Asks: 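One structure, pasted below without further comment.
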Amino acid sequence: MFAARTDLNDRQREAASFGDQPLRVIAGPGTGKTTTLTARVEYLLDSGIDPERILLLTFTRRSAREILNRVHAIRANAHVHRVSGGTFHSVAHHTLRRHHTVVGLSDCFGVLDQSDAADLLDLVRSDLGIVSNERRLPKKNTLAALYSRTVNTGEALSDIMAEHTPWCADRRDQVGHIFSAFVARKRALGLLDFDDLLLYWRAAVEDETVGKKLGAVFDHVLVDEFQDVNKLQLDILMGLRRCDSRLTMVGDDAQAIYGFRGASPRFLLDAQDYFAGLVTITLNVNYRSSGAILKVANALGADAPEGFCATLREDKPVLGASAPRLVHCADERHQSEVVADRVLELYEEGVALQNQAVLFRASHHSADLEIELSRRRIPFIKYGGLRYLEAAHVKDLLAAFRLADNPRDEMAWFRLLQLMPGVGPARARRAIDALRDGDKSLPLSFEDIQGRWPEALDHVPLDTRDGSTRLIDALTPRAHESPMTHAQRICDAIAPFIVASYEDAVARLEDLGALVLACGDTTRLSDVAAEQVLEAPTSTGDFAGPPMVDEDWLVLSTVHSAKGLEFDAVHLIHAADGNFPSDMALGSPEGLEEERRLFYVAVTRARRHLDVYVPLRYHHHRVRDEHSWAQPSRFLSDAVRQTLEEQLHTSPRIEAAKLTALAPIAGPALVEGRLSKLW
DNA sequence: TAATGGGGGTTTTTT
DNA sequence: ACCCCCATTA
């Protein structure tokens, strides 16, 4: 039973067994946040709450699973798997699928990921006759970011643009036109983007009657990583809890790193304004890191202008810890060598590769290290950055899945038609136009599509007509066919195009096969496509299996993706100003403070070993020797440096290069002079 | 008129 | 991987 748990401290226990008022737990890194949430779920189950009536909102599906697995490990007989949980977006998706009628959606809506949304914005822009190559008009990805920030914060577009894209603020009206056309187009095509999932969920919970019903489904709502909640998500929570005060929020203002998604730690700090009767419990005893590492973290916190809520306290000394170091390297190449050396050194000392992580600010910062690791045959897995899901062939098949349910999805048509050789944007567009009915909208069923297909065929080159017709046949659903069989037919129809256009077709076809298998237990293909997009594999290894056969591998991760994780050893690379903090974030004081928190997150992932690396020199082009000198990150203030042991590494390569600058010796004379004594 | 392939330059972070 | 630009091909 719950009372028997002895691994909780008093504060954790108090939080876990707290009553029915709104509860805010401020939990610094390593203070047992997950343990406490787990214990709270366990406590609620013990007190007789039906697992299905607990909603656990976490930042990633992975952390939801981790918490539920832990509960499950403790009480194997419980129906823990029935606890409702996931990310805001995935719970929104489930809610909308189930209750599509009440929010006025069709049940076959497709879900666009970020880059699909950007593509649609670009399409809408060109339809409006707004030319993209004019200077000062934001590019599609910037447009997508602007749109997202605007709807997630609920602030006026002009304010958002003035703050984040002042260089094009005078284009506000055009951007506004693009956005309203974008909204209309999504609706006409039966598509929702990530933001729409939340917007529709909010619309539902904000409705007096519907909201009451949706909220009444849950007795308890628990929210992890509350510091990364934005206004839209806060509105949803307030709607869900309009008649019920049982809400638990766990977070840490010091780890708020998702401002670019409209999140603000203010919602955690000001939670009492949104939830009446709020009680706060603060956890600050750290069970993760060595005292020396905590000193680094606290020094970083002390530099923050407004400070952090929790100053971390050591529980008891961590065994086998080394002094945190600041390592100066010659350049990026040298940094990779030094990191690889250090990783192997720790490995020799018994720290498995899996317990070591290399962290960095931006995904491409690991490029050189990846080369070095491959050269030395050190296996690694990379989190963050590019995902397999973003690979073209996967997106192709997912587009086909969406299309099979919803023939109005022009985005999907546009993408699939261009898969055929000889079909580019212009022909794809004409073929789509040929499919339209008189009123310019696409048919709702594949029967009608089949009827119009001969006309569309005129726009496809002769030698791809067979293949494209086979694809249309595959997309057309058959009576009494399981989604998986249908998916397999679609996959088979696409395979020839994949084989024709990619060198490494075998590996890509394997990816597609995995996607087909993922259709096992669903009723709709568009549902599978959405699930895949919402629960993307988080690393380059998740999708196709680990990169090598070895059972141990080093973790490479962006700091964002490392959130919530911990490692015996952390190697933080590129701690140079401009990289970390990123110079993209220096425009505003808030941006800089977010970078500081990000640095803090990186440092606090480490249990026993922390090494921060600063390359002194950056090469800009491969040509010649153009380079600039880097300043160490501004977060490495004097106070922070006093908590670190500084180490200056000289590189044999750099030392060797210096030789060429020396005055030459008289080589031939010396050699011949010495030899001449022999004869 | 379109599609395609090559080359060069860039890339913040994620649901 | 993306974007942008340019030359070549169908």
Side-chain angles (χ1 to χ4, degrees), chain A residues 57-63 86-93 111-119 122 132-133 139-142 144-145 148-149 152 164 192-198 201 225 228-230 232-233 256-263 359-367 383-395 417-418 420-430 459-464 501 530-536 538 540 557-563 574 578-587 591 594-595 597-599 601-602 620-623:
Chain A
L57 287 164
T58 52
F59 209 71
T60 62
R61 191 65 73 88
R62 183 179 57 194
S63 52
T87 62
F88 274 88
H89 290 87
S90 75
V91 173
H93 176 241
V111 175
L112 300 175
D113 70 17
Q114 173 93 340
S115 74
D116 293 329
D119 288 343
D122 211 38
S132 68
N133 60 9
K139 298 222 188 328
K140 63 177 186 177
N141 288 312
T142 313
S148 207
R149 200 187 264 270
N152 278 287
H164 296 102
L192 301 185
D193 63 19
F194 284 159
D195 299 323
D196 288 325
L197 294 171
L198 300 185
W201 192 16
E225 309 279 13
D228 289 319
V229 155
N230 62 36
L232 181 48
Q233 292 166 324
I257 55 175
Y258 281 89
F260 65 93
R261 247 167 54 181
L359 303 184
F360 33 88
R361 172 65 179 90
S363 169
H364 65 271
H365 286 165
S366 67
Y383 290 84
L386 280 175
R387 302 212 166 86
Y388 265 86
L389 203 69
E390 279 154 29
H393 60 294
V394 175
K395 299 205 71 168
L417 288 170
Q418 289 185 77
M420 332 249 148
V423 180
R427 283 179 186 152
R429 182 161 274 211
R430 283 204 294 260
H459 304 283
V460 180
L462 282 170
D463 51 342
T464 49
S501 42
E531 289 285 332
Q532 288 295 321
V533 166
L534 287 168
E535 196 184 0
T538 49
T540 49
S557 176
T558 59
V559 182
H560 281 91
S561 294
K563 169 181 220 186
H574 285 297
N579 281 332
F580 207 161
S582 163
D583 45 18
M584 312 287 288
L586 299 181
E594 181 152 312
E595 296 285 308
R597 296 190 293 262
L598 198 53
F599 205 99
V601 168
H620 292 305
H621 303 287
R622 288 215 192 110
V623 291

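Order of the sequence lines sets the chain letters (A, B, ...), proteins ahead of strands, with each chain counted from 1. Since the structure is predicted, the reported quantities are computational estimates derived from the model, not experimental observations. All values below come from the heavy atoms of this structure, side chains included, with hydrogens, waters and symmetry mates left out.
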Asks: If you apply the rule side-chain contact (heavy atoms from CB on, under 4.5 Å), what do you find for A/Asp119 with A/Leu112, and how did you get there?
Replies: CA-CA 10 Å; A/Asp119 288 343; A/Leu112 300 175; over 6 Å; no
Asks: Categorize A/Glu594 for me: base, sugar-phosphate, or nothing, with a 4.0 angstrom heavy-atom threshold over every strand shown.
Replies: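 Contact class for A/Glu594: none.
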Asks: Just say parallel, tilted or perpendicular for the rings of A/Phe260 and A/His560, cut-offs at 30° and 60°.
Replies: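 Correct class here is perpendicular.
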Asks: Of the options C/dC4, B/dT14, B/dA3, whose atoms approach the side-chain atoms of A/Pro425 most closely?
Replies: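 Among C/dC4, B/dT14, B/dA3, the one nearest the side chain of A/Pro425 is B/dA3.
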Asks: Please pick, from B/dT11, B/dA2, C/dC3, the nucleotide with the shortest atom-to-atom distance to any side-chain atom of A/Lys139.
Replies: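 Of all the options, the side chain of A/Lys139 is nearest to C/dC3.
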Asks: Take the protein atom CZ of A/Phe59 and the nucleotide atom C1' of B/dT15, then report the distance between them rounded to whole Å.
Replies: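 Atom-to-atom, A/Phe59 to B/dT15, this comes out as 7 Å.
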Asks: Going through the checks in order, is the ring pair (Phe, Tyr, Trp, His ring centres under 6.0 Å) test met by A/His574 and A/Phe360?
Replies: CA-CA 7 Å; A/His574 285 297; A/Phe360 33 88; 8.3 Å; no
Asks: Measure from CZ on A/Arg261 to C1' on B/dT14 and round the result to the nearest Å.
Replies: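 Taking atom C1' of B/dT14 as the reference, CZ of A/Arg261 is at 5 Å.
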Asks: In whole angstrom, what separates A/Leu598's CG from B/dT13's C1'?
Replies: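 Atom CG in A/Leu598 sits about 7 Å away from atom C1' in B/dT13.
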Asks: Would you say A/Lys140 reaches C/dC2's phosphate, i.e. side-chain N/O to OP1/OP2 under 4.0 Å?
Replies: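 It does not, given that no N or O in the side chain of A/Lys140 lies less than 4.0 Å from OP1 or OP2 of C/dC2.
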Asks: Closest nucleotide of DNA chain B for A/Tyr258 versus for A/Val423: which of these residues is on the 5' side?
Replies: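 Of the two residues, A/Val423 wins.
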Asks: Can you check the A/Asp122 CG to C/dC4 C1' distance for me, whole Å?
Replies: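 After rounding, the reported distance stands at 13 Å.
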Asks: Please report the C-alpha distance between A/Phe580 and A/Val559 in whole Å, then the side-chain angles of each, then the deciding distance to 0.1 Å, and finally whether the side-chain contact (heavy atoms from CB on, under 4.5 Å) criterion is met.
Replies: CA-CA 11 Å; A/Phe580 207 161; A/Val559 182; 3.9 Å; yes
Asks: Checking side-chain contact (heavy atoms from CB on, under 4.5 Å) for the pair A/His365/A/Thr558: CA distance, chi angles, key distance, verdict?
Replies: CA-CA 9 Å; A/His365 286 165; A/Thr558 59; over 6 Å; no
Asks: Which is true for A/Phe88 with a 4.0 Å heavy-atom rule: it touches a base, it touches only sugar-phosphate, or it touches nothing?
Replies: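 Nothing, no nucleic acid heavy atom in range.
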Asks: Nearest whole angstrom, please: distance from the C1' of B/dT11 to the NE2 of A/His574.
Replies: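 The answer, rounded to whole Å, is 14 Å.
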Asks: Take the protein atom CZ of A/Arg429 and the nucleotide atom P of B/dT1, then report the distance between them rounded to whole Å.
Replies: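 Rounded to whole Å, this separation is 17 Å.
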Asks: Measure CD/A/Gln233 against P/B/dT15 and give the value in whole Å, please.
Replies: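 It is 12 Å, rounded to the nearest whole Å.
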Asks: Would you say A/Arg430 places a side-chain N or O within less than 4.0 Å of OP1 or OP2 belonging to B/dA2?
Replies: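 The answer is yes; a side-chain N or O of A/Arg430 sits under 4.0 Å from OP1 or OP2.
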Asks: Which nucleotide in the list B/dT11, B/dA3, B/dT14 gets nearest to the side chain of A/His560?
Replies: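 The listed nucleotide nearest to A/His560's side chain is B/dT14.
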Asks: For A/Pro461, which contact category applies under a 4.0 Å heavy-atom criterion: base, sugar-phosphate, or nothing?
Replies: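 Here A/Pro461 touches no strand at all.
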Asks: Between A/Ser561 and B/dT14, is there a side-chain N or O to OP1/OP2 distance below 4.0 Å?
Replies: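 Yes, within the criterion.
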Asks: Select one nucleotide: of C/dC3, B/dT13, B/dA3, the one nearest the side-chain heavy atoms of A/Ser363.
Replies: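 For A/Ser363, the side-chain atoms sit closest to B/dT13.
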Asks: Measure from CE on A/Met584 to C1' on B/dT10 and round the result to the nearest Å.
Replies: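 The answer, rounded to whole Å, is 10 Å.
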Asks: Are B/dT14 and A/Phe260 stacked, with the base six-membered ring and the side-chain ring centres under 5.5 Å apart and planes under 30°?
Replies: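 So A/Phe260 does not count as stacking on the base.
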